[in-house]
Engineer: 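Sharing a structure here in structure tokens format.
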Number of protein chains: 2
Amino acid sequence: MRTTDLRIIKTKQALHDALLTLLSQKPLEQISIAEICREAKVNRGTFYLHYEQKEGLFEEYFQEIMEDLYQSYEEPYRAVTTLDTNQLDPNTIRIFHHIERFKMFYRIVFSKNVPLTYYYMLFDGIYSLLKRDITTQHIHQMEDHISIDYYSAYQANAIIGLIIQWYRGDFSDSVTMLNQQLAAILKNVRSGG
Amino acid sequence: MRTTDLRIIKTKQALHDALLTLLSQKPLEQISIAEICREAKVNRGTFYLHYEQKEGLFEEYFQEIMEDLYQSYEEPYRAVTTLDTNQLDPNTIRIFHHIERFKMFYRIVFSKNVPLTYYYMLFDGIYSLLKRDITTQHIHQMEDHISIDYYSAYQANAIIGLIIQWYRGDFSDSVTMLNQQLAAILKNVRSGG
DNA sequence: TTACTTATTGAACATCTGTTCATTAAAATC
DNA sequence: GATTTTAATGAACAGATGTTCAATAAGTAA
């Protein structure tokens, strides 16, 4: 099972393409492994040679999306003119642009019949970004008995809470609105709301 | 399909018992509907008369657990002696006792192959409790452009973030530790960490 | 080009899913 | 207690899952 073998690359590509085609027609939970294999013209046994479930195939896309999240986070923040963001890390706030860009994708991630795995992948992504910043920037200001891990989990999931609320309104609120909400919440909480 | 019909009550009870028996042996995702029906001595067609998936059966338990969560939240807070909790709503902090009490159950809820539905049921439970308090207690102190819905989602999911971190350490930290972490985080953030 | 390695295939298998339908039997209603 | 209503049953169905295996073909390496 060397990943450089052309046969493996071709098979995986065919399965990728088939999944994308089917996802444009119906949600993931209505797509069967057998269907993906028929579409990809790949033997069903071959599928199980590479993945355990269709979710495994989906996760390979997730990795690419997470790459964009990391880049969104690293990217220098531009055009802050309309926001009162002086109190918070501007990078954090780029996350909503990323979600907006892939909202088709996140509609799947947050749909209720999908396994929790995807949620954890998003959580882990935001968690590790926040943890890095919290460790380097805020540790010296924090109460010494706060666990960095718990604190990062708290902050990361709080942001996902906003995204869940956003998703439930079918992402109809603007990115600007989300940015304002996060800014206001952080400001409010700091001043003792 | 009147829910008072004795036949329905008996059938559901048999399915409930069967699920509990099987859950003590293996995780939900490894239990098939056919298996539950064999164990319950109920025809498989009858199962589909009452539920669409095994998850629907599981959700009926969830409702009972949520009842306990609501009671935990309402219950007057006792034995605060060791905690520095003067800054936060003591009710909030009762949530960790509830999770601890049903940790066997929450190990399922947070396992990665389970559908997101359960997460949302927990989220909605905490969300509505927090929202009620936020609406009645804090609205007058808050920045007026903060959406109560977003703010509640933020706070509810932040708490679940702590629970996820706790779960990932297999709930080995004590309830007291969790209470201290939440207290410290809220205190820290208020004083501008 | 040849020889070696290994991914893919097709077929088969037991089991599960989701649904339908006539039949049976248990509960509700009179 | 007799009658009506309806939940539960068993059988059957097409399709899906997850696995195994020998045969084949596609790729790699000499």
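Chain A is the first sequence line, chain B the second, and so forth, proteins listed ahead of strands; every chain is numbered from 1. All heavy atoms count here, side chains included; hydrogens, waters and symmetry mates do not. Please read all numbers here as calculations on a predicted model, not as lab measurements.
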Engineer: Between the side chains of A:Asp149 and A:Lys131, is the shortest nitrogen-to-carboxylate-oxygen separation below 4.0 Å, so that they form an ion pair?
Structural biologist: yes
Engineer: Between B:Thr4 and C:dA28, does any side-chain N or O lie under 4.0 Å from OP1 or OP2?
Structural biologist: no
Engineer: Hey, are A:Lys54 and A:Glu60 close enough for a salt bridge, meaning a charged N less than 4.0 Å from a carboxylate O?
Structural biologist: no
Engineer: Which part of the nucleic acid, if any, lies within contact of A:Lys54, taking any heavy atom under 4.0 Å across all strands shown: a base, the sugar-phosphate backbone alone, or nothing?
Structural biologist: nothing
Engineer: Distance only, no hydrogens: is a donor on one side chain within 3.5 Å (strictly under) of an acceptor on the other, for A:Tyr150 and B:Asp173?
Structural biologist: yes
Engineer: State which of C:dA7, C:dT17, D:dT17 makes the closest approach to the side chain of A:Ala34.
Structural biologist: D:dT17
Engineer: Can you check the B:Ile9 CD1 to C:dA26 C1' distance for me, whole Å?
Structural biologist: 14 Å
Engineer: Measure the distance from CD on A:Glu55 to P on D:dT17 and round it to the nearest whole Å.
Structural biologist: 10 Å
Engineer: Heavy atoms only, 4.0 Å cut-off, all strands: where does A:Lys12 land among base, sugar-phosphate and nothing?
Structural biologist: nothing
Engineer: With the side chain of B:Ile33 defined as its heavy atoms from C-beta on, choose the nearest nucleotide among C:dG18, D:dG27, C:dT9.
Structural biologist: C:dG18
Engineer: Atom CD of B:Gln30 and atom P of C:dC16: how far apart are they, to the nearest Å?
Structural biologist: 13 Å
Engineer: In terms of ring plane angle, is the pair A:His16 and A:Tyr61 parallel, tilted or perpendicular, where the classes change at 30° and 60°?
Structural biologist: tilted
Engineer: With nearest nucleotides of DNA chain C determined for A:Asp5 and B:Glu52 from heavy-atom distances, which residue corresponds to the more 5′ nucleotide?
Structural biologist: A:Asp5
Engineer: Starting the side chain at C-beta, find the nucleotide from D:dA16, C:dA7, C:dT8 nearest to A:Arg38.
Structural biologist: D:dA16
Engineer: Rounded to the nearest angstrom, tell me the gap between atom CD1 in A:Ile8 and atom C1' in C:dT9.
Structural biologist: 15 Å
Engineer: Given atom OH of B:Tyr48 and atom P of D:dA11, what is their separation to the nearest angstrom?
Structural biologist: 18 Å
Engineer: Under 3.5 Å, is there a donor on one side chain and an acceptor on the other for A:His98 and A:Tyr70?
Structural biologist: no
Engineer: Find the distance B:Gln13:CD to C:dA27:C1' and express it as a whole number of Å.
Structural biologist: 18 Å
Engineer: Respond yes when some side-chain nitrogen or oxygen of A:His50 is under 4.0 Å from OP1 or OP2 of C:dA7, and no when none is.
Structural biologist: no
Engineer: Answer with base, sugar-phosphate or nothing: what part of the nucleic acid does B:Asn43 contact at a heavy-atom distance below 4.0 Å?
Structural biologist: base
Engineer: How would you label the contact of A:Ser32 with the nucleic acid (heavy atoms, under 4.0 Å): base, sugar-phosphate, or nothing?
Structural biologist: sugar-phosphate
Engineer: Please determine whether a side-chain nitrogen or oxygen atom of A:Arg7 lies at a distance below 4.0 Å from atom OP1 or OP2 of C:dT5.
Structural biologist: no
Engineer: Mind calculating the distance between CD (A:Glu35) and C1' (C:dT17) to the nearest angstrom?
Structural biologist: 15 Å
Engineer: When the distance from CZ of B:Phe47 to C1' of D:dT9 is rounded to whole Å, what number comes out?
Structural biologist: 17 Å
Engineer: Decide, yes or no, whether a salt bridge links B:Glu35 with B:Lys26 under the criterion of side-chain N to carboxylate O below 4.0 Å.
Structural biologist: yes
Engineer: Look at the side-chain N and O atoms of A:Lys10 and state whether any lies under 4.0 Å from the OP1 or OP2 oxygen of C:dT8.
Structural biologist: no
Engineer: To the side chain of B:Thr46, which of D:dA8, D:dG27, D:dT19 is closest?
Structural biologist: D:dA8
Engineer: Between C:dA7, C:dT19, D:dA7, which nucleotide gets closest to the side-chain atoms of B:Arg44?
Structural biologist: C:dT19
